[in-house]
Novice: 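Got a structure here, written out as structure tokens. Questions coming.
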Protein chains: 2
Amino acid sequence: MKPKITLKDIAKELDVSISTVSKALKNSKEISKDTKDRIKAFAKFYNYRPNNIALSLKNKRTKNIGVVIPDIVHHFFTTVFRGIEMYANQMGYNVIVCISDESYDKEVINMEMLANGSIDGFILSLSAETQRKNDFTHLKELLDQGIPIVLFDRVAPEVACDKVILNDMEIARESVEHLIEKGSKKIALITTDNYFNVSERRKDGYIQALKDNDIPFDKNLILTLPHDLDNTKLITEFFQKNEIEAVLCVNEIFAVQCMSVIQQIGLKIPEDISIIGFTDGILSRFSSPKLSTVAQHGEKMGGLAAEMLIKRMESTEVVEEPFRTEVIEATLIKRGSTIN
Amino acid sequence: MKPKITLKDIAKELDVSISTVSKALKNSKEISKDTKDRIKAFAKFYNYRPNNIALSLKNKRTKNIGVVIPDIVHHFFTTVFRGIEMYANQMGYNVIVCISDESYDKEVINMEMLANGSIDGFILSLSAETQRKNDFTHLKELLDQGIPIVLFDRVAPEVACDKVILNDMEIARESVEHLIEKGSKKIALITTDNYFNVSERRKDGYIQALKDNDIPFDKNLILTLPHDLDNTKLITEFFQKNEIEAVLCVNEIFAVQCMSVIQQIGLKIPEDISIIGFTDGILSRFSSPKLSTVAQHGEKMGGLAAEMLIKRMESTEVVEEPFRTEVIEATLIKRGSTIN
DNA sequence: TATCAACACGAAACCGTTTTCGTAAATTTT
DNA sequence: AAAATTTACGAAAACGGTTTCGTGTTGATA
């Protein structure tokens, strides 16, 4: 076992001072070529690398980004994370991940933990509970301490910081328009009450599309499901009770569950019922028929969030730039569940 | 903006020494109750929290774990990561993630980066390229420096460290046995050449099961596919060329692609052909019929890896414990793709 | 009353860097 | 030859903590 070598070790070994070693390795012209060569050779031989922790303490920056997401076993968050990691890595940053597990407390505790020097800034998506409580004091305090935050997807207007969101309402409207174009009038929305603002924005888009096309809004055509469970029974009842020609689901799991139920009932997709989901994950790509879905471009979103954060962290401007909210344009991918 | 407060700030303000403040906050009995109360009140009021970086430098431990995985947009790795994060968090550790993207260079660079003080230990799964090159000097060097490593799933015998693996061969054998029990003899294996040792172990199990049941091994019944692409054409050809009664796929994507092709051809699952996949992800749970699959218990694996790592990191034994290789028992989940 | 322990605190070292400043010695300028 | 400048390096402070080791002041003991 050969433990890491420090400047002090080199200094002692070569009988020079620590400062000389430090300067020599940084190629300072204060040091003679001779000495520099000796020191560099020695350092190289023993594979010297400066200690990140010491550097962090000295420089008051860690080159670490804290990422707090509600869940990692979830295609959308996974892709966003990938985007963050790739951009951050490229810029020489490391990423510390905490999973809030949709819990307010975990979100708060994790962020406070990391905020005490471990990271230079945060990227996060609010937990369900945080949205429900509408309590953002933890974020505000961090911002107050001068720690930059970028919020993505599940954001809150109450928090003054940079944000990256999806044009949820727009794309939901566009999706419903697509269904209407295919001749459907009785269009259902299957949604969740978990992700307040995102779901809300999608619902608004759904309603807007109906309005624009003079289709009366029927609240019975909206089904609100608990998240991620097996909702087969509820969905079956829903389809038996209502004559439905098309469905917009706020995620791909609901969508494939719908498809299953519909096919079970003996109806054909897309001939009898068309379906559109959200999240272009593997479920959408490998279902049969393939699911028309809203691609949320998670990687792009993550990349942009990281870019905004790093830009702010590295900014030397005395007067700070105003906060921006960037909108990622979602794409409706038309596949077999809406077209033949 | 109120910047973080330090011991020095408190000391100056209350006109005591830094050491007194430090001791008071740690409830040292060296300090009088009076002074302690004053200091604690002040610290509480200004929300004092010790700086993690300073602590790390002093204690020579960061309470950070480095996790290096080939890919995050992948159900299995995601669940393992979740297991790691949960256990680590509970034990007061944070997790720094790097994605090697199946690249040897990224794996090496990321690990060297983190090894210079940022983390106390690693949990990793080898990148495809690393396995191909069979070069583990980067791991050996880190171990040599006294940095503990736990390898999971994609491991290498050449590296002397703790490991957590799946009983791949056993469960593959068991899966094929299940297919044989259902009356199948012409059993195909659809595999990938990417993950050398894991795939190899599964293949061994497949062959073993055939041998145990006196079924001749036919190399034409093994289809090797490139990873994660749309292999519909290759699969279709494969099924047209060979009379197949059952299939074992080394992941769930191949399995649902198979199911698609088979249903397209007009055959019934499981009546005409049975299918078993690996990875109990959403694809398996939401396909129709539901896919029989090998649950790899990723969370458990991650939790165990984290437990082994933390145990070793926190061990104060002078003479180190011998390295262990723990085996996670996979479970074959029987669903509609093999039974009615 | 001299001795001694207990008490309550401060000084300083240390973790591993960077960086400012000071200063002998060598070299150049006048 | 004296003065000024350059060269090449070291001492020390700083980042924010912890911890060891004094030390002056009490109060108790002999």
Side-chain angles (χ1 to χ4, degrees), chain A residues 3-40 42-43 46-64 113-120 145-147, chain B residues 3-40 42-43 46-64 113-120 145-147:
Chain A
K4 292 242 90 173
I5 192 177
T6 70
L7 288 186
K8 195 199 269 192
D9 299 331
I10 302 182
K12 199 186 304 173
E13 207 64 34
L14 298 187
D15 215 45
V16 291
S17 78
I18 294 179
S19 23
T20 301
V21 179
S22 176
K23 287 171 192 165
L25 293 175
K26 310 207 98 184
N27 230 334
S28 158
K29 52 177 146 43
E30 267 184 64
I31 309 297
S32 71
K33 182 163 184 322
D34 246 34
T35 315
K36 275 198 277 197
D37 287 348
R38 269 174 66 226
I39 293 178
K40 283 185 190 168
F42 190 90
Y46 284 98
N47 196 29
Y48 168 78
R49 294 276 178 278
N51 180 305
N52 290 331
I53 298 294
L55 286 179
S56 294
L57 185 59
K58 182 99 246 271
N59 302 331
K60 290 170 148 297
R61 60 206 305 262
T62 61
K63 286 242 163 195
N64 285 158
M113 187 75 238
L114 291 181
N116 296 318
S118 300
I119 54 91
D120 300 335
Q145 282 172 30
I147 299 178
Chain B
K4 294 240 89 175
I5 193 176
T6 70
L7 288 187
K8 197 200 271 191
D9 298 331
I10 302 182
K12 201 185 304 172
E13 208 63 33
L14 297 187
D15 215 45
V16 289
S17 76
I18 292 179
S19 23
T20 302
V21 180
S22 175
K23 288 170 190 165
L25 294 176
K26 309 206 101 186
N27 230 334
S28 159
K29 52 179 147 42
E30 267 183 67
I31 309 297
S32 71
K33 181 160 184 322
D34 245 35
T35 316
K36 275 198 275 197
D37 287 348
R38 268 175 65 226
I39 292 178
K40 282 184 190 169
F42 190 91
Y46 284 100
N47 196 29
Y48 168 79
R49 294 276 178 278
N51 181 304
N52 290 331
I53 298 294
L55 287 180
S56 295
L57 186 59
K58 181 97 246 262
N59 302 333
K60 290 172 150 295
R61 59 207 305 264
T62 60
K63 287 249 166 187
N64 284 159
M113 188 74 236
L114 292 182
N116 297 318
S118 300
I119 53 92
D120 300 335
Q145 283 173 28
I147 299 178

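Within every chain, numbering begins at 1; the chains are lettered A, B, ... in the order of the sequence lines, protein sequences first and strands thereafter.
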Novice: Between the base of dT17(C) and the side chain of K58(A), is one N or O donor paired with an acceptor at under 3.5 angstrom?
Specialist: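 By the distance-only test, no, there is no pair.
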Novice: Could you give the distance from CG (N52(B)) to CG (L57(A)), rounded to the nearest 0.5 Å?
Specialist: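 Result: 11.5 Å between the selected atoms.
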Novice: To the nearest angstrom, how far is L57(B) atom CG from dA13(C) atom C1'?
Specialist: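 After rounding, the reported distance stands at 13 Å.
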Novice: Write down the distance between CG (L7(A)) and C1' (dG10(D)), rounded to a whole number of angstrom.
Specialist: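 My rounded result for the distance is 14 Å.
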Novice: From NZ of K26(A) over to P of dT19(C), roughly how many Å is that when rounded to an integer?
Specialist: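 Rounded to the whole Å, the gap is 5 Å.
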Novice: When only distance counts, do a donor and an acceptor, one from the side chain of K60(A) and one from the base of dG16(D), lie under 3.5 Å apart?
Specialist: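 No pair found.
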Novice: For the pair made of NZ in K4(B) and C1' in dC15(D), what is the distance, rounded to whole Å?
Specialist: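 From K4(B) NZ to dC15(D) C1': 16 Å.
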Novice: Using whole Å, report how far CD of E30(A) lies from P of dT6(D).
Specialist: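 Nearest whole value for this atom pair: 14 Å.
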Novice: Base of dA11(C), side chain of S19(B) - is there a donor-acceptor contact under 3.5 Å?
Specialist: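 Yes.
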Novice: If you check the L55(A) side chain, which of dT18(C), dG16(C), dC9(C) turns out closest?
Specialist: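 Nearest nucleotide to the side chain: dT18(C).
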Novice: Please compare K23(A) and A54(A) by the position of their nearest nucleotide in DNA chain D and report the one closer to 5'.
Specialist: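 On the 5' side of the pair lies K23(A).
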Novice: Ignoring hydrogens and angles, state whether a donor on the side chain of S32(B) or T35(B) is under 3.5 Å from an acceptor on the partner side chain.
Specialist: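 Side chains of S32(B) and T35(B): pair found under 3.5 Å.
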Novice: Closest approach to the side chain of I18(A), judged atom by atom: which nucleotide of dG10(C), dT17(C), dG16(D) is it?
Specialist: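 Closest nucleotide to the I18(A) side chain: dT17(C).
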Novice: Give a yes/no on whether any side-chain N or O of S22(B) is located under 4.0 angstrom from OP1 or OP2 of dT18(D).
Specialist: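 Yes, because at least one side-chain N or O of S22(B) sits under 4.0 Å from OP1 or OP2 of dT18(D).
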Novice: Phosphate oxygens OP1/OP2 of dC9(C): is one of them under 4.0 Å from a side-chain N or O of T35(B)?
Specialist: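 Yes, within the criterion.
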Novice: Rounded to whole angstrom units, what separation is found between the CG atom of N51(A) and the P atom of dG17(D)?
Specialist: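 Between P of dG17(D) and CG of N51(A): 18 Å.
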Novice: Mind running side chain to side chain donor-acceptor pair (under 3.5 Å) on S22(B) and S19(B) for me, showing each step along the way?
Specialist: CA-CA 5 Å; S22(B) 175; S19(B) 23; over 6 Å; no
